[in-house]
Structure formats: C-alpha cells, structure tokens
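Reviewing the structure listed below.
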Amino acid sequence: MNPAFAHNTWPQIKAALESGRPCVAILPCGATEAHGRHLPLNTDNIISEGMAHYALPALDEAGIHAFILPTLAYAPADYAGGFAGTISISQAAAKAVLTDIGRSLHAQGFACLAIANSHFDPANVTMLREAADELRALGLKVAFPDFTRRKLAQTLTDEFKSGACHAGQFETSLVMSSRPELVDEQQRQASNDNPNSLTEAFAKGAKTFEQAGGPDAYFGFPRQATPEEGNQTYEAMAGALVQSITEAVAG
Ligand SMILES: [Zn+2]
C-alpha cells in the first residue's frame, strides 16, 4: 500500500479497508495564493502535504493505515485577492467539496478524515470548522488540529504566535525545508522585516493584505528563515496531527 492515496489501485484500497486496521484519509488543505515575492503560490499546499508526510511513521506505529489524499489546493483567500495569481473560491463551494469528500470516504468505511490545514485565512478556517462539524454529525470521525486555537498556536514559533506570519520566517522555513528550489533566494534576502500582525489587523476589521500592512503579500521576517526551523515546525505540526487522529480514532 502506498501512503499516497491516489497512487493505489481500487483493490489495494479495498484490501486496506478490510484489513482490520483503522483507515484514515488525510486531506492536505492549502490554497493557491500570493506569498510575498519569494515564495510560490502553492506554499500552503507544500506545507500541508509536508505536515501529513511527517505524521506517517507515528501513525503506522499506532496501527493506523494512513493515506494522504490529493491536496485541496483551492480555498477562500480574499485577503490575498488583490495580488496576481491568487485564486479565491467561496466558502460555500469549498465546504461543499470538503463535505462531499468526507461523505464519500465515510460510505467506503474510512474510520476518520483528517484535515491537515496551513491556510489560516479566517474565512477558510471558519469553513473547515463548519465542514468538520457537519461531517461529525453524519457519523464520520474528523481530526482537525486547528493551529489558530491558542492551545495549538502555543506549540509553534514566536513569529506564528505574533500573527505576523504570512510568507514570513515560519512559512519560508517550511518551504526551504521541503522545496528549497521553489524559494527565490534573491527576493527573500530583499524582503525587509514586516512586523505587522495579521491577526491584529483581522481583529480591527482589515479585509485585505494591503489594508493589514502587507503591500507585498508577506508579513514577518523572511530573511530569518532556515530549513532547520522548517524541520522542527514540521515535527510540531505533525505531532498535533497524529494526536488529533489517534484521539479521533479512539473516541
Ligand atoms: Zn500560507
């Protein structure tokens, strides 16, 4: 069995579902969205996929068959809507896709859908919470480590906690860890510190990155990023994902 869900044949998935071990489908949730001048539009997809991959060994040890679904690469992303390349879809459209994926997995006998999300646009997070609740009401177990909740946010880096964390040190470190060839190093070095907090700007009613004080679609400290920090953050995010899945499966 290949952990990449879509690389399996249907008989391989059937065999996993009949193996007696709980089968969990991890859905990496990202976006197609501007991330500064130095990171690619698929930054959040890369990060969510990385989190899922880092979780695999511990899930296997816990006796769980974990598959990583094809990534959900479109999401509500209106904050970045003023920048070329951003594709924002409605909350309703995103929620319909997510809940239909969950329904389909539930009907096949998957024990749990796990949401591995790194796209923290408030409209996206709200949509994910609502979709998770709807699927739980249908009887599907849903694991959703929500890093915007204080308890989990505390386990991540200082920049993340400050809220100045879009395409800054936190995300740049993660992309440098897993896809360094996609980081424009010259632009990264030219990206001056931007300590404006997105979460504070959200609370004050800002509706766009420009209004929040991010004229180049980044917040934080891209020049401080290192692949080592990225590795550590992947471990922390994967740890939260594993805990959320094992609790959901046991519950
Ligand atoms: Zn991002």
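Fair warning: this is a prediction, and the values are worked out from it, not measured in the lab. Note that ligands are numbered from 1 as they come in the structure, with each ligand's atoms numbered from 1 the same way.
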Mind listing the side-chain donor-acceptor pairs of residues 137-145 below 3.5 Å, one per line with the distance, residues two or more places apart or on another chain?
unit_1	atom_1	unit_2	atom_2	d
Lys141	NZ	Val249	O	3.2
Lys141	NZ	Gly251	O	3.0

Validation: residues 72-89 side-chain donor-acceptor distances under 3.5 Å, sequence neighbours left out:
unit_1	atom_1	unit_2	atom_2	d
Asp78	OD1	Ser88	OG	2.7
Tyr79	OH	Ala206	O	2.9
Thr86	OG1	Ala34	N	3.1
Thr86	OG1	Ala80	O	2.9
Thr86	OG1	Phe83	O	3.4
Ser88	OG	Ala77	N	2.8
Ser88	OG	Asp78	N	3.4

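Taking 2.8 Å as the threshold, His35 counts as a candidate ligand of the Zn ion (ligand 1), since one of its N, O or S atoms lies below it. Counting backbone and side-chain atoms alike, Glu171 contributes an N/O/S atom closer than 2.8 Å to the Zn ion (ligand 1).
Heavy-atom neighbours of Arg37 CZ from other residues, nucleotides or ligands within 6.0 Å: at or below the threshold of 12.
Nearest heavy atom pair, residue Asn231 against residue Ser177, reads OD1-OG, 2.6 Å.
Nearest N/O/S atom of Asp44 with respect to the Zn ion (ligand 1) is recorded as OD1.
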